[in-house]
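One structure is given here, and the rest of the page talks about it.
Counting starts at 1 for both ligands and their atoms, in listed order.
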Amino acid sequence: MTGRRKSVHGEWSSRLAFILAATGSAVGLGNVWRFPYLTGESGGGAFVLIYLLCVAVIGVPVMMAEIMLGRRGRQSPVNTMRTLAQEEGRSPSWQYLGWMGMLAGFMILAYYSVVAGWTLAYVFRAGAGVFDSATADGVASIFSGFVSDPERLLAWHTIFMVMTTIVVSRGVKSGLEQAVTFLMPALFVLLVALVGYAMNTGEFNQALHYLFHPDFSKLTAKVVLDAMGQAFFSLSLGMGAIMIYGSYLSHTASIARTSIIVAGMDTLVALLAGLAIFPLVFAYHLQPQGGPGLIFKILPIAFGQMPYGAAFGAAFFVLLVFAAWTSSISLLEPIVTWLVENRGMNRVKASTLSGIGAWLLGIGALLSLNAWSNHKLLGKTFFGILEYLTADLMLPLGGLLIATFAVWRMSEESSRSELGLGSWSYALWRFLLRYITPIAIGLVFLNVTGLLTLFVH
Ligand code: PFF
């Protein structure tokens, strides 16, 4: 058994590089696009509260476990799990956790790239002044016109997928550090400026109330599942993305501190996005339940009204594209490392093949917004099904399995030496993952499938 395996894919130049890369993976469309739209659909504060609880109590400990397994295994998630299971004398079936992660990453990338394509298109729309002095109705109809045109969506989806594939084929480390070092803070500054704008011109107090005063009558099983799924989605947990980044992390870095920093920054960005958007929603008397198009229907109104709004809007969408890009490469990375390790492919071929696969699946997602919008299963379009299966089911399930392996299947000695925590913090981490995580995830799943009602009645 060894705790000092070396990654064949190299190592981060420093702990900071890892923090930047993990933050790059975590901060993305999940924070700025998905968090506000789910909050609006779920009725506000109660969703936000459950989300924050999930990040703190489940997200951070699972992130620590995922980084720890990655750093100990130092290979693609499938091979890491196989190796660790063998070292700990456990069943080789643990490798299927890695398989599920690859599949989830692939499925997420399909619709993620479609939404990233909207963001790309909006760089040009905003920059060209299309939104100048536009009314809320005007902005909404620009969005619905855009989404109902499959050819346009396909063009932008294709461009984004090519961008992702190119970076992954070169190896994620080159370029990622610089992109995150400069562009993340820039996105942060623009978001803060937008919050300032919303404070001055929007219904800020109403938004604060909406986001932070939980109305528990809005709390349904679905809201809790969505909040938990969003915590996994936003932190990039449960599918091996953080595991693979952890596999390039040096042995001297503190996993706990790193996880808290990444989760803290991710949460801050999501809350800022909420604070930028909801004051405007209320000021223009719009519905918070705007669905997946929410930010594309709200932010352009502000860009159309503010001084230098065209430049500001274009800059904002450019930075959001970068944030999406640094996330999408982490979605493809687990499959690519596996193809390189197990199929002997070079990175270019591996990235191209897997990129084409995700691109094809994405075509289904984009057609379900227009030509196929009437084809539904359980009330969901294909886009909705992909989102539900991945964020609500596969990621929490992956997280549960990661937690189970880390604290029930791995020896205490291994996890203690890898984490290097003090005795209190180690005991807390282990307690959370042993009892709280499985009970919480288990209860949410049972409740959603309706099984819990069988016991309660
Ligand atoms: N965390 C990313 C976001 O919030 O946009 C999305 C994501 C990336 C989810 C990587 C899962 C993942 F493995």
| query | Is it true that the NZ or CZ of Arg71 lies under 6.0 Å from the centre of Tyr248's six-membered ring and within 45 degrees of the ring axis? | reply | no
| When the aromatic ring centroids of Trp118 and Phe143 are compared, is their separation below 6.0 Å? | yes
| query | Under 6.0 Å from the six-membered ring centre of Phe233 and within 45° of its axis: does the NZ or CZ of Arg34 meet both? | reply | yes
| Can you find a heavy atom in the side chain of Ile142 that is under 4.5 Å from one in the side chain of Pro300? | no
| query | What residues sit with at least one heavy atom under 4.0 Å from ligand 1? | reply | Ser25, Ala26, Gly28, Leu29, Gly30, Asn31, Tyr112, Phe233, Ser234, Ser236, Met239, Ala241, Ser327, Ser330, Leu331
| query | With a 4.5 Å limit on heavy-atom distance, are the side chains of Leu249 and Ile67 in contact? | reply | yes
| query | Can the positive tip of Lys380 be found less than 6.0 Å from the middle of the six-membered ring of Tyr388, inside 45° of the ring normal? | reply | yes
